[in-house]
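Data block below; observations after.
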Amino acid sequence: MRIDIISCQPDLLESPFSHSILRRAQQKGLVEIHLHDLRKYAINKYGQIDDYAFGGGAGMVMMIEPIDKCISELQAERTYDAIIYMTPDGQTLNQNTVNQFSLLQNILILCGHYKGVDERVRQRFVTHEISIGDYVLSGGELGAAVLADAIIRIIPGVLNDESSALTDSFQDGLLAPPVFTRPADYKGMKVPEILLSGDGPKIEQWRFEQAIERTRQRRPDLLGE
Ligand code: ADE
């Protein structure tokens with residue numbers, strides 16, 4: 001998979017992709033991440049990429065021309081399966097959408113800033129509009145990092161123990177059950193006996209019941225309740 005990210009603050013994205021799982025995924029050749037600085041496509045030598053909104057009002061709007069130039073240059077090299085605009089008024093991200101994106105070859109992510117992008121960018125180029133939650137960030141970069149992380153970690157081969165992505169919260173529409181590790185007794189706080197029993201099927205059944213119980217308590221909406 002290849003992920004291109006267009007941003008006017010690409011430095012913000014260097015760190016999340018240079019550590020741990022995301023770095024290893026790139027080293028293993030499972031994903032390529034390319035950051036593009038929108039200012040390189042500015043309309044003048046002052047690096048201008050935004051302007052006042054027609055009709056007035058506070059806040060700057062990202063102009064279509066730099067974005068058009070950048071996207072067109074990238075599209076001349078390859079076809080994108082999805083051009084995703086990060087925005088608080090997009091569709092709220094969930095595991096289902098992440099799973100679908102993880103099957104694509106080439107993804108382009110556009111990070112918004114200020115009051116957002118000229119609406120014509122959305123009309124002309126964007127295929128998906130994604131929000132990472134009902135709150136407003138100062139830019140789309142952190143949202144893009146969240147989205148890319150969620151996509152990359154489930155690409156086969158990225159996690160060492162592949163089954164662990166399948167047992168994540170949300171993968172089966174349920175929250176994950178509680179987990180424990182050594183010691184079995186810490187200051188009198190004991191691990192549930194069943195997990196020490198060695199009885200695989202019984203443990204699976206217990207985990208399933210715990211997952212349902214946890215989901216019912218914390219996220220009844222996932223059970224349609
Ligand atoms: N940009 C600003 N707020 C955002 C959000 N909640 N999700 C995605 N991109 C954003």
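Every value quoted in this text rests on a predicted model; they were computed, and no experiment measured them. Order of listing sets the numbers, starting from 1, for every ligand and every atom in it.
The shortest heavy-atom distance from Gly143 to ligand 1 is not under 4.0 Å. Under the 4.0 angstrom criterion for non-hydrogen atoms, Gly112 is not in contact with ligand 1. Note on ligand 1: Cys111 sits outside its first shell, no heavy atom being nearer than 4.0 Å.
Here the heavy atom of the protein found nearest to atom 7 (N) of ligand 1 is Ile132 N, 2.9 Å. Ranking the protein heavy atoms by distance from atom 6 (N) of ligand 1 puts Tyr135 O, 2.8 Å first. Remark: minimum distance from atom 9 (N) of ligand 1 to any protein heavy atom is reached at Thr87 N, 3.3 Å. Distance from atom 10 (C) of ligand 1 to its nearest protein heavy atom, with residue and atom name: Pro88 CD, 3.7 Å. Ranking protein heavy atoms by distance to atom 3 (N) of ligand 1, first place goes to Leu137 N, 3.0 Å.
Under a 4.0 Å N-O distance rule, the pair Glu73/Lys69 does not qualify as a salt bridge. At a threshold of 4.0 Å, the pair Asp37-Arg39 does not count as salt-bridged, since none of the basic side-chain nitrogens sits closer than that to a carboxylate oxygen. A salt bridge does not link Arg124 with Asp68: every distance from a Lys NZ or Arg NE/NH1/NH2 to an Asp or Glu carboxylate oxygen is 4.0 Å or more.
Considering CG of Asp134 and CG of Asp89, their distance stands at 11.0 Å, rounded to 0.5 Å.
Taking a cut-off of under 4.0 Å to the non-hydrogen atoms of Val136, the atoms of ligand 1 that pass are 3 (N). Counting the atoms of ligand 1 from 1 in the order shown, those under 4.0 Å from a heavy atom of Gly139 are 1 (N). In the vicinity of Gly133, heavy-atom distances shorter than 4.0 Å reach the ligand 1 atoms 6 (N).
Using modelled atom types and a 3.5 Å distance limit, the side chains of Asn99 and Ser102 yield no donor-acceptor pair.
Remark: the backbone N or O of Val117 is paired with a side-chain donor or acceptor of Tyr85 at under 3.5 angstrom.
Contacts of Ile130 with ligand 1, taken as heavy-atom pairs under 4.0 Å, involve the backbone alone.
Annotation: Lys28, atom NZ; neighbour count of heavy atoms from other residues, nucleotides and ligands within 6.0 Å is above 12.
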Item checked: Pair Phe125-Leu108, side chain to side chain contact (heavy atoms under 4.5 Å, CB included): steps then yes or no -> CA-CA 10 Å; Phe125 299 107; Leu108 179 53; over 6 Å; no

